Amino acid sequence: MAEEIVALRSEQELRSLFGPRDQHLRRIEQALGVTIVSRHEGLKISGEPAAIAKTKQLFEDLLVIVRSGAPIRKDDLDYAIKATLQPQMVQLRQIYSERIEVPSRRRFIIPRTPGQKLYVEAMRAHDVVFAVGPAGTGKTYLAMAMAVAHLTKGEVSRIILTRPAVEAGERLGFLPGDLQEKINPYLRPLYDALYDMMEIDAIQRYLDRGIIEVAPLAYMRGRTLNDAFIILDEAQNSTSEQMKMFLTRLGFDSKAVVTGDITQVDLPPTRLSGLIHVTEILRSVPGLKFVTFDGRDVVRHELVQEIIRAYDAAERNNHGKRGGGAPR
């Protein structure tokens, strides 16, 4: 039986690593087969030498989170343990190195999966990025964080957020209220993400001055968008004509991020999704980047991952019963 000490800088680091009611500690001991106790100078790890080495690596990863000012969440801990036990996985400290600074009390937003890390890298390196994948993978949230970071650093002069105003077969004309009241429900998820990145007073000032603009996709027609960070959300519900219109709005010193889930198209069956079409015709265009997410990138409640896997399995099974067919 061997022993080793992991040095800590403060009592706060100790509390963060142990978790509420020592939950993190018990989870680590169980997963790695070690015993961990607190000492004045840090943590004492007891166990087999190989297990101790892996536990030290795990704590080094977790300390990157703690020292960046973020809490250790359950999904962070679970991922860190998996990455420690499976060397082919990206280490947690590498994911957290891609943090995005925002001016809210959160201070920064951090990609939490390898797929999200690749997405953040793509947005930093390319002027046009397409993010395709299921709900809960952070496509819109991380794009919003990047847009806010660009605005606060002066890298763009405005943010433009847009969505197709078509969902679940409904049309605006059949909804109650004036035009703004009809439109707002479709744009609410964009506001929700924005409120998590900036203080409410600052958001209102930017909206009033047109520095941040939230509008339906149809309102983009005829415009040239210079010096802007533009996000097209729910792009699977754009038509191919709307997608072409949107992409050709891009002006000088602008960046665009297009997000969507091609399994959730609400267009009539006779209309081709602009997101599906664009993935077929633009993949070879230099300067563009396509990032694809799957269930492993879901960062919502852990049951969401299981739900996505179940739906994916059912869809594969249905394709098999029908004798295959072209993938959507």
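Owing to the predicted nature of the structure, the values given are computational and were not obtained by experimental measurement.
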Give a yes or no on whether Tyr195 atom OH has more than 12 heavy-atom contacts from other residues, nucleotides or ligands under 6.0 Å away. yes
Pairwise side-chain contact, Phe293 with Leu118, heavy-atom cut-off 4.5 Å (strictly under): no
Backbone N/O of Phe252 and side chain of Asn226: donor-acceptor pair under 3.5 Å: yes
Asp266 side chain to Asn237 main-chain N or O, any donor-acceptor pair under 3.5 Å? no
Lys255: salt bridge (Lys or Arg N to Asp or Glu O under 4.0 Å) partners, not counting sequence neighbours: Asp127
By salt bridge (Lys or Arg N to Asp or Glu O under 4.0 Å) - contacts of Lys244 (at least two apart): none
Side chain to side chain, Leu190 and Arg163, heavy atoms closer than 4.5 Å: yes
Any carboxylate oxygen within less than 4.0 angstrom of a Lys/Arg side-chain nitrogen, looking at Glu60 and Arg93? yes
Arg39 with Glu3: basic N within carboxylate O range, under 4.0 Å: no
Do Leu194 and Ile200 belong together in a cluster built from hydrophobic side chains that touch within less than 4.5 Å? yes
In plain terms, say whether Arg158 and Asp227 are close enough for a salt bridge, that is, a side-chain N and a carboxylate O under 4.0 Å apart. no
Give the cluster check for Ile5 versus Leu17: same hydrophobic cluster or not, with ILVMFWY residues linked at side-chain heavy-atom distances below 4.5 Å. no
Shortest non-hydrogen pair, Leu232 vs Pro164, comes out as CD1-CD, 4.1 Å
Is there a donor-acceptor pair under 3.5 Å between the side chain of Thr137 and the backbone N or O of Gly133? no
For Arg99, which residues count as a salt bridge (Lys or Arg N to Asp or Glu O under 4.0 Å) partner, sequence neighbours excluded? none
Using the test side-chain hydrogen bond (donor to acceptor under 3.5 Å, both in side chains), find all partners of Lys54 that sit at least two apart in sequence or belong to another chain. none
Would you check if Leu275 and Val132 make a side-chain contact, meaning some heavy-atom pair closer than 4.5 Å? yes
Drop me the distance from Asp233's CG to Leu217's CG, to the nearest 0.5 angstrom. 11.0 Å
Can a salt bridge be assigned to the pair Arg67 and Glu13 using a cut-off of 4.0 Å between side-chain N and carboxylate O? yes
Return the set of residues passing side-chain hydrogen bond (donor to acceptor under 3.5 Å, both in side chains) with Arg283 (not counting sequence neighbours), or none when no residue passes. none
Who pairs with Glu29 by salt bridge (Lys or Arg N to Asp or Glu O under 4.0 Å), at least two apart in sequence or on another chain? none
Going through the checks in order, is the side-chain contact (heavy atoms from CB on, under 4.5 Å) test met by Phe290 and Leu282? CA-CA 9 Å; Phe290 286 83; Leu282 293 186; 4.2 Å; yes
Applying side-chain hydrogen bond (donor to acceptor under 3.5 Å, both in side chains), name anything that partners His150, two or more places apart in sequence or on another chain. Glu155
Hey, could you give me the OG1/CZ distance between Thr239 and Phe246, rounded to the nearest 0.5 Å? 13.0 Å
Apply side-chain contact (heavy atoms from CB on, under 4.5 Å) to residues Val129 and Leu288 and explain how you reach the verdict. CA-CA 6 Å; Val129 176; Leu288 307 181; over 6 Å; no
Exactly one of Thr84, Ile45, Val66 clears side-chain contact (heavy atoms from CB on, under 4.5 Å) with Phe59, and that residue is Ile45
No-hydrogen, no-angle side-chain donor-acceptor test under 3.5 Å, Tyr119 and Asp297: no
Where the side chain of Asn317 meets the backbone of Ala314, is there a donor-acceptor pair that is under 3.5 Å apart? no
Where the side chain of Thr259 meets the backbone of Ala131, is there a donor-acceptor pair that is under 3.5 Å apart? no
Shortest non-hydrogen contact from Met220 toward Leu225: SD-CD1, 4.1 Å
Nearest-0.5 Å distance that lies between atom CG in Leu32 and atom OG1 in Thr55: 4.0 Å
same_hphob_cluster(Val258, Val285) at 4.5 Å side-chain heavy-atom cutoff: yes
Work out which heavy atom in Gly295 is nearest to a heavy atom in Pro134; give both atom names and the distance. N-CG, 4.4 Å
Does Ala215 offer a backbone N or O that forms a donor-acceptor pair with the side chain of Thr162 under 3.5 Å? yes
Compare every heavy atom of Met198 with every heavy atom of Pro103, then report the nearest pair and how far apart it is. CG-CG, 4.0 Å
OG1/Thr113 to CG/Asp294 distance, rounded to the nearest 0.5 angstrom? 8.5 Å
Could you go through Glu4 and Lys56, starting from their C-alpha distance and side-chain angles, then the distance that decides it, and tell me whether this counts as side-chain contact (heavy atoms from CB on, under 4.5 Å)? CA-CA 9 Å; Glu4 209 162 327; Lys56 283 190 66 178; 2.7 Å; yes
Listing, residues 204-211 side-chain donor-acceptor contacts under 3.5 Å, not counting sequence neighbours, or none:
from: Gln204; atom 1: NE2; to: Asp208; atom 2: OD1; distance (Å): 3.0

Please examine the side chains of Val257 and Met146, heavy atoms only from C-beta on, and report whether any two atoms are closer than 4.5 Å. no
Does the side chain of Gln12 pick up a donor-acceptor pair with the side chain of Arg15 at under 3.5 Å? yes
Of all heavy-atom pairs between Ala147 and Phe229, which one has the smallest distance, and what is that distance? CB-CD2, 3.4 Å
Euclidean distance, His24 NE2 relative to Asp76 CG, rounded to 0.5 Å: 8.5 Å
Considering all heavy atoms, the nearest Met123-Leu142 contact: CE-O, 3.7 Å
Heavy-atom donor-acceptor pair, Ser254 side chain to Leu250 backbone, under 3.5 Å: no
The complete set of side chain to side chain donor-acceptor pair (under 3.5 Å) pairs with one or both residues in residues 270-280, sequence neighbours excluded, reads Glu241-Arg271
Show every salt bridge (charged side-chain N to carboxylate O under 4.0 Å, His left out) that has at least one partner inside residues 133-150, sequence neighbours left out. none
Heavy-atom distance under 4.5 Å between the side chains of Phe130 and Val278, does that happen here? yes
Just jot down the side-chain hydrogen bond (donor to acceptor under 3.5 Å, both in side chains) partners of Arg26, sequence neighbours excluded, or say none. none
Set of residues satisfying side-chain contact (heavy atoms from CB on, under 4.5 Å) with respect to Glu98, sequence neighbours excluded: Pro111, Lys117, Val120, Glu121, Arg124
In plain terms, say whether Lys82 and Asp78 are close enough for a salt bridge, that is, a side-chain N and a carboxylate O under 4.0 Å apart. no
What's the verdict on side-chain contact (heavy atoms from CB on, under 4.5 Å) for Ile160 and Val214, showing C-alpha distance, side-chain angles and the deciding distance? CA-CA 6 Å; Ile160 298 173; Val214 186; over 6 Å; no
Does the side chain of Val156 reach to within under 4.5 Å of the side chain of Asp253, using non-hydrogen atoms? no
Counting C-beta onward and ignoring hydrogens, is there a side-chain heavy-atom pair between Met144 and Leu161 closer than 4.5 Å? yes
Mind checking whether Ile28 and Leu77 have side chains closer than 4.5 Å, heavy atoms only? yes
